[in-house]
Peer 1: 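Okay, handing you the structure first.
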Amino acid sequence: MAELNSKIPQGPVAAKWTHYKAHQNLVNPANKRKLDVIVVGTGLAGASAAASLGELGFKVKIFCYQDSPRRAHSIAAQGGINASKNYPNDGDSTYRLFYDTIKGGDYRSREANVYRLAEVSGSIIDQCVAQGVPFAREYGGMLDNRSFGGALVSRTFYARGQTGQQLLLGAYSALSRQIKLGTVEMFNRHEMMDVVLIDGRARGIIARNLITGELERHFGHAVIIASGGYGNVFYLSTNAMGSNGSAAWQIFRKGAWFANPSFTQIHPTCIPVHGDYQSKLTLMSESLRNDGRIWVPKNKEDAEKIRQGTLKANDIKEEDRDYFLERRYPAFGNLVPRDVASRAAKERCDAGYGVGDTGLAVYLDFADALKRLGKPVIEERYGNLFQMYEKIVDEDPYLNPMMIYPAVHYTMGGTWVDYELMSTVQGLFVAGEANFSDHGANRLGASALMQGLADGYFVLPYTIQNYLADQIKVARISTDKEEFVQTEKAVRERLEKLLAINGTKSVDHFHKALGKIMWEYVGMGRNAEGLQKAIKEIRELRAEFWKDVKIPGKLDDLNIELEKANRVADFLELGELMAMDALERNESCGGHCREEYHTEDGECLRNDKDFMYVAAWEYKGPGEYVMHKEPLEYEEIEVKQRVYK
Amino acid sequence: MNLTLKIWRQPHTRAKGKFITYRLDDISPNCSFLEMLDILNEQLIGNDEEPVAFDHDCREGICGMCSLYINGRPHGPDDAITTCQLHMRKFRDGATIVIEPWRAKPFPVIKDLIVDRTAFDRIIQEGGYISVHTGGAPDANSILISKEHADLSMDAAACIGCGACVAACKNASAMLFVSAKVSQFALLPQGKVEANDRVKKMVAMMDELGFGNCTNTYACEAECPKLISRSNIARMNREFICAKVS
Ligand SMILES: Cc1cc2nc3c(=O)[nH]c(=O)nc-3n(C[C@H](O)[C@H](O)[C@H](O)COP(=O)(O)OP(=O)(O)OC[C@H]3O[C@@H](n4cnc5c(N)ncnc54)[C@H](O)[C@@H]3O)c2cc1C
Ligand code: FES
């Protein structure tokens, strides 16, 4: 049976990674081409891993469901990427980035992993610049930095409001180069359907060609899952429409434990929901909080009139505005971490001060910044975001304050991995947002891009060799082997079963219903009663789905409804696990806010005595999950209450 | 709003396609164009018909996955946005909307409104990169780049690879796409070393894949959702000539 061994190297935290690299096993250059590695996902984590492993000489196969690897969801990241370069000389260091990340995660992440992340962060920027990523620059030609939530230093590198795009195109270009050189083989419009285990080790995957519908078998000496986050379990989120939890769920069923599933990030600055036909929510980058001020009316009557459309935001006098973040958190003001900002906005709206038609919105106001800096500067900093807002909402944010509301954005939870990013299944590695590793109970802005690229460029190319070193003895395994045949058969049966239901309701109907349950009970505020209700309702919905979903089309054809159905079937199990995990964790920490546990002034109340652990769940059967604990030990950092006042 | 939709339906690449007309009522003007198609598809599923296949993913104008030729314009009637950012308020109540896939030989239709754009990936694989290995890069600030050049490079790098430029061009030329990538690197010191080789290889692949010539009508620029400038084409032509003579 699997067990939790995090394999943290010995020595002081600052020396662990150096120590690891000095003592790990490596694969001889001549042997690398005899070793096959499968990578699922072409986002920052997957593309950077595949390119780096291809460069080293491994034979790599990489998969994505989009038509091109360049379209992975990482492309949508706007604000920036952190690195402790300390170029502005404002007191940054590896230690400070490490410290901020642990604190930002509310002391629920592993010290050793986070330190390594901070340690390699600078190399990421070097690498990206060498690749030709056009980061923003100052007039002197040096790289520019800005500040992001949860930090007192400016350590965020950015490329306008399109940082994720530029970083991903960098990784995609490195990947393209390897594809041309023949070290990496690309499978676009292919979806992983299951992992193949042989003698307890990951040895390949079953993938579906999304154009022909054909099921294919692919062998690898090791498999890397970099399939992104599962925020779409909420139906409405800032994730791309196709983002899903299925790869993570498939490997969960095969023995890769799932850690902290309930840890979800609700991002404070998104465009509010406007109708029930809505398919996704749009993020307005957190960087806007550098210059925008968040407020609601001080008086309920004003809020009421705004909702009815008889009063406008600009009519409200300065003294009648409540800049609630500045009021509650004078030290960090509008730049408090995301979880804190989101909860504060929800609190004001729940109390009746919300604006917009629905009352589920607060203002993000640039009037002061426009006065102070002038329109050209604001345009230069946020032009594309302002344009995006205007196109969606049909209102000019240079003239009226933006309206924003929190939305699901990121999942800190994910497959449990050890220091080497290996899951509880031998030879099965998990990178990027898909793993649980670095962000604890709350992720700081601009740290996901950093983690994805750290995992792919600077961690996996080392740690996977430690595993592969003794695999050179294993000759390539034929995909005619029984395990491949059986796994493919099970996938086919599942898809046939889905198609055979031929019920009355569309896949989206079930996805929306699940999203409502999740947002209501497993969203920003959670309590025991609601979570129990969620578990019950999700079970019922799942049963109904398997009886009544309607999927037109065929198995052996391009069939988008079938793709969606397969993902929603997994979400219907994952959602339940999230609720179970949230129910077990009788404390509030980071993005996980249990309404029963808070301080007198309404802040989260952690319980370190009982809950300073990673909850790693093991699959026993549908709806049957067993929790294991990985205790968290803090040697370098003194654990404190997280204060941003 | 009530709408009449004329949508291109084609079961697979080799099949013959045709327009099918659908009626759609009660659409909110705040609905996005793709949400309108979602609603249509829900209806089709309800009527036991196959939903219309179309590409999309991020739905915020950055992944480049959505396409659609709407009333004769790539990404529809609004300027500087992608189809997924288009909203129904841009149409009249009672309007007839014609929806087609990108039409260009190098982008064969896969099904309905979905086309195969892997030709773009192949062009990038020829040289759309700077050949650096992971690790060992010099400190990022050891390469100084003027803000002007960094900004121009970023302007070019903003291309999302959607293919609207090709769909808009009567010759199905990929010059805007290719020149944007060539320019991004040509403007940076890191990219100079391989500049000659890059432009030659990328242009050769573009030709090989059957993209047409540029005859300077610049429909590509007019329809580009990211406002990629035609000046990139001029820059690429200069680069190409220099590469040929050197
Ligand atoms: C709107 C938005 C803005 C953001 N802004 C920032 C920011 O400014 N800074 C920051 O640090 N972070 C930001 N984030 C978070 C960050 O973008 C993501 O966490 C990160 O990019 C995830 O990268 P990844 O490589 O793990 O996965 P992704 O980029 O999500 O890639 C997943 C890949 O897996 C593939 N895939 C998935 N399932 C399968 C399957 N079954 N079979 C085959 N392939 C599959 C997909 O095709 C894709 O290629 C933002 C996120 C959003 C939503
Ligand atoms: S769906 Fe991503 S650009 Fe339109």
Side-chain angles (χ1 to χ4, degrees), chain A residues 51-52 55 66-71 73 75-76 85 87 123 125-127 129-132 134-143 159-160 162 165-166 169 173-174 176-177 179-180 188 211 240-242 274-275 277-280 282 388 391-392 394 457 461 506 508 550 552-553 558 560-561, chain B residues 28 30-32 34-35 38-39 42 45 48-51 53 55-65 81 85 87 89 110-111 114 116-118 120-121 124-126 128-135 137-141 143-147 150 153-154 157-158 161 184-185 188 190-191:
Chain A
S52 305
E55 281 166 22
Q66 294 92 344
D67 70 332
S68 163
R70 66 179 291 155
R71 310 207 198 280
H73 171 59
I75 201 95
K85 282 278 197 189
Y87 285 158
S123 307
I125 304 303
D126 300 340
Q127 181 66 25
V129 167
Q131 286 172 342
F135 282 120
R137 299 208 170 236
E138 296 169 352
Y139 283 100
M142 309 264 242
L143 290 157
R160 299 216 178 118
Q162 291 126 278
Q165 179 197 30
Q166 294 310 315
L169 293 182
S173 68
S176 298
R177 177 168 163 253
I179 294 173
K180 176 71 187 174
N188 62 337
I211 298 178
M241 300 297 288
H274 58 76
Y277 47 81
Q278 188 153 356
S279 56
K280 77 156 281 169
T282 304
M388 189 154 93
K391 291 285 178 197
I392 295 175
D394 205 21
Y457 284 134
S506 71
D508 281 359
K550 176 167 175 175
L558 190 155
I560 293 168
E561 289 298 308
Chain B
S28 158
N30 289 326
C31 195
S32 78
L34 295 184
E35 284 164 354
D38 291 342
I39 296 173
E42 281 284 304
I45 295 167
D48 284 322
E49 289 176 64
E50 253 209 79
D55 265 334
H56 65 101
D57 202 26
C58 75
R59 293 208 177 183
E60 50 188 62
I62 192 73
C63 74
M65 184 111 173
I81 53 165
Q85 294 175 293
H87 279 73
R89 59 179 94 91
I110 293 175
K111 182 174 182 172
I114 296 182
D116 181 354
R117 288 171 287 197
T118 41
F120 271 8
D121 288 328
I124 297 293
Q125 285 157 20
E126 284 305 300
Y129 41 75
I130 292 170
S131 301
V132 287
H133 265 46
T134 304
D139 183 81
N141 260 347
I143 314 168
L144 295 184
I145 302 173
S146 74
K147 183 166 180 338
S153 174
M154 179 63 213
Q184 175 194 345
F185 293 138
L188 298 174
Q190 308 93 297

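In what follows, chains are A, B, ... by sequence order, proteins preceding strands, each numbered from 1.
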Peer 1: Minimum heavy-atom separation for A:Gln127 to B:Val132, with atom names?
Peer 2: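 Minimum heavy-atom separation between A:Gln127 and B:Val132: NE2-CG2, 4.1 Å.
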Peer 1: Looking at B:Asp57 and A:Arg71, does any basic side-chain N land under 4.0 Å from a carboxylate oxygen?
Peer 2: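 No.
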Peer 1: Report the residues that fulfil side chain to side chain donor-acceptor pair (under 3.5 Å) with A:Tyr457, sequence neighbours left out, ordered by chain and then residue number.
Peer 2: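 A:Tyr457: side chain to side chain donor-acceptor pair (under 3.5 Å) contacts with A:Gln131.
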Peer 1: Could you tell me if A:Ser279 and B:Arg59 have a donor-acceptor pair between their side chains, going purely by distance under 3.5 Å?
Peer 2: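 Yes, A:Ser279 and B:Arg59 have a side-chain donor paired with an acceptor closer than 3.5 Å.
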Peer 1: What's the shortest heavy-atom distance between B:Ile124 and A:Ser176, and which atoms?
Peer 2: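 Scanning both residues completely, I find the closest heavy atoms to be CG2-OG, 3.7 Å.
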Peer 1: Answer yes or no: is there an ion pair linking A:Asp394 with B:Arg89, defined by an N-O contact shorter than 4.0 Å?
Peer 2: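 Yes, charged N to carboxylate O under 4.0 Å.
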Peer 1: Which of the residues B:Gly61, B:Cys31, B:Pro51 is involved in the greatest number of heavy-atom pairs with chain A at under 4.5 angstrom?
Peer 2: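 Of B:Gly61, B:Cys31, B:Pro51, B:Cys31 has the most heavy-atom pairs under 4.5 Å with chain A.
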Peer 1: What part of A:Ile125 is in contact with chain B, defined as an atom under 4.5 angstrom from a non-hydrogen atom: side chain, backbone, both or neither?
Peer 2: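 Backbone plus side chain of A:Ile125, per the 4.5 Å heavy-atom cut-off to chain B.
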Peer 1: Using modelled atom types only, decide if a donor and an acceptor are shared between the side chain of B:Gln85 and the backbone of A:Lys391 within a distance under 3.5 Å.
Peer 2: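 Checking the backbone N and O of A:Lys391 against the side chain of B:Gln85, no donor-acceptor pair under 3.5 Å is found.
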Peer 1: Count the heavy-atom pairs under 4.5 Å between each of A:His73, A:Arg160, A:Met142 and chain B, then report the option with the highest count.
Peer 2: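 Looking at each of A:His73, A:Arg160, A:Met142 in turn, A:Arg160 comes out on top.
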Peer 1: Just wondering, do B:Met154 and A:Gln162 contact through their side chains at under 4.5 Å, heavy atoms?
Peer 2: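 Yes, their side chains come closer than 4.5 Å.
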Peer 1: With only heavy atoms counted, which part of A:Ser52 is less than 4.5 Å from chain B, the side chain, the backbone, both or neither?
Peer 2: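 Looking at A:Ser52, backbone and side chain both touch chain B.
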Peer 1: With only heavy atoms counted, which part of A:Asp67 is less than 4.5 Å from chain B, the side chain, the backbone, both or neither?
Peer 2: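 For A:Asp67, the contact with chain B is made by backbone and side chain together.
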Peer 1: About how many Å separate OG of A:Ser506 and CG of B:Asp38, when rounded to the nearest 0.5 Å?
Peer 2: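 Answer for the CG-OG pair, B:Asp38 versus A:Ser506, is 10.0 Å.
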Peer 1: Can you find a heavy atom in the side chain of B:Ser28 that is under 4.5 Å from one in the side chain of A:Tyr277?
Peer 2: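 With C-beta onward as the side chain, the pair touches.
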Peer 1: Give the member of B:Ala150, B:Gly128, B:Cys58, B:Ser131 that has the highest number of heavy-atom pairs under 4.5 Å with chain A.
Peer 2: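 If we count pairs closer than 4.5 Å to chain A, B:Ser131 comes out on top.
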Peer 1: Using non-hydrogen atoms only, which part of B:His133 is less than 4.5 Å away from chain A: side chain, backbone, both, or neither?
Peer 2: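 For B:His133, backbone and side chain are both near chain A.
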Peer 1: Any ion pair linking A:Lys180 and B:Glu126 (charged N to carboxylate O, less than 4.0 Å)?
Peer 2: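 Yes.
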Peer 1: Where do A:Arg177 and B:Gln125 land on the side chain to side chain contact (heavy atoms under 4.5 Å, CB included) test, with the steps shown first?
Peer 2: CA-CA 6 Å; A:Arg177 177 168 163 253; B:Gln125 285 157 20; over 6 Å; no
Peer 1: Does any heavy atom of chain A fall under 4.5 Å from the side chain of B:Asp48, the backbone, both, or neither of them?
Peer 2: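 Both the backbone and the side chain of B:Asp48 come within 4.5 Å of chain A.
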Peer 1: Under 4.5 Å from any heavy atom of chain A, what part of B:Ile110 do you find: side chain, backbone, both or neither?
Peer 2: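 Just the side chain, heavy atoms under 4.5 Å.
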Peer 1: Nearest heavy-atom pair of A:Gly132 and B:Leu188: which atoms, and what distance?
Peer 2: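 Shortest heavy-atom contact: O-CD1, 3.4 Å.
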Peer 1: Checking heavy atoms, do the side chain of B:Ile45, its backbone, both or neither come under 4.5 Å from chain A?
Peer 2: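 The answer is both parts of B:Ile45.
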Peer 1: Considering only heavy atoms, which portion of A:Ile179 lies under 4.5 Å from any heavy atom of chain B: side chain, backbone, both, or neither?
Peer 2: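 Contact with chain B involves the side chain of A:Ile179 alone.
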Peer 1: Checking A:Tyr87 against chain B: side chain, backbone, both or neither under 4.5 Å from a heavy atom?
Peer 2: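 For A:Tyr87, side-chain heavy atoms alone lie under 4.5 Å from chain B.
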Peer 1: So which heavy atom on B:Ala140 is nearest to which on A:Lys85, and how close?
Peer 2: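 Looking at all heavy atoms of both residues, the closest pair is N-NZ, 4.1 Å.
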Peer 1: So which part of B:Asp121 gets closer than 4.5 Å to some heavy atom of chain A, the side chain, the backbone, both or neither?
Peer 2: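 Contact with chain A is through both the backbone and side chain of B:Asp121.
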Peer 1: Between chain A and each of B:Asp116, B:Asn30, B:Thr118, count heavy-atom pairs under 4.5 Å; write down the option with the most.
Peer 2: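 Top option by heavy-atom pairs under 4.5 Å: B:Asn30.
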Peer 1: Minimum heavy-atom separation for A:Arg137 and B:Ile143, please, with both atom names.
Peer 2: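 Here A:Arg137 and B:Ile143 meet closest at NH1-O, 3.2 Å.
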Peer 1: Does any heavy atom of chain A fall under 4.5 Å from the side chain of B:Glu60, the backbone, both, or neither of them?
Peer 2: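 B:Glu60 touches chain A through backbone and side-chain heavy atoms alike.
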Peer 1: How long is the straight-line distance from CD1 of A:Ile75 back to CD1 of B:Ile62, given to the nearest 0.5 Å?
Peer 2: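 Output value for this atom pair is 6.0 Å.
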Peer 1: Which atoms of B:Leu34 come close to chain A, meaning under 4.5 Å heavy atom to heavy atom: side chain ones, backbone ones, both, or neither?
Peer 2: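 Contact with chain A involves no heavy atom of B:Leu34 at all.
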Peer 1: Counting heavy-atom pairs closer than 4.5 Å to chain A, which one of B:Ser32, B:Gly135, B:Ala53 comes out on top?
Peer 2: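 Most pairs with chain A among the choices: B:Gly135.
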Peer 1: Is there side-chain contact between B:Gln184 and A:Pro134, with at least one heavy-atom pair below 4.5 Å?
Peer 2: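 The answer is yes, as the side chains (C-beta and beyond) meet within the 4.5 Å cut-off.
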Peer 1: Is the shortest side-chain heavy-atom distance between B:Lys147 and A:Glu138 below 4.5 Å?
Peer 2: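 Not in contact.
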Peer 1: Any heavy-atom pair between the side chains of B:Cys63 and A:Gln66 that's under 4.5 Å?
Peer 2: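 No; the side chains remain at least 4.5 Å from each other.
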Peer 1: Would you mind reporting whether B:Tyr129 and A:Leu169 have side-chain heavy atoms less than 4.5 Å apart?
Peer 2: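 No, side chains not in contact.
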Peer 1: Specify which of B:Glu49, B:Glu42, B:Glu50, B:His56 makes the most heavy-atom pairs with chain A at under 4.5 Å.
Peer 2: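 Among the listed options, the one with the most contacts to chain A is B:Glu42.
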Peer 1: Do you know the tightest heavy-atom contact between B:Ile130 and A:Ala130?
Peer 2: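 Scanning both residues, the minimum pair turns out to be CG2-O, 3.5 Å.
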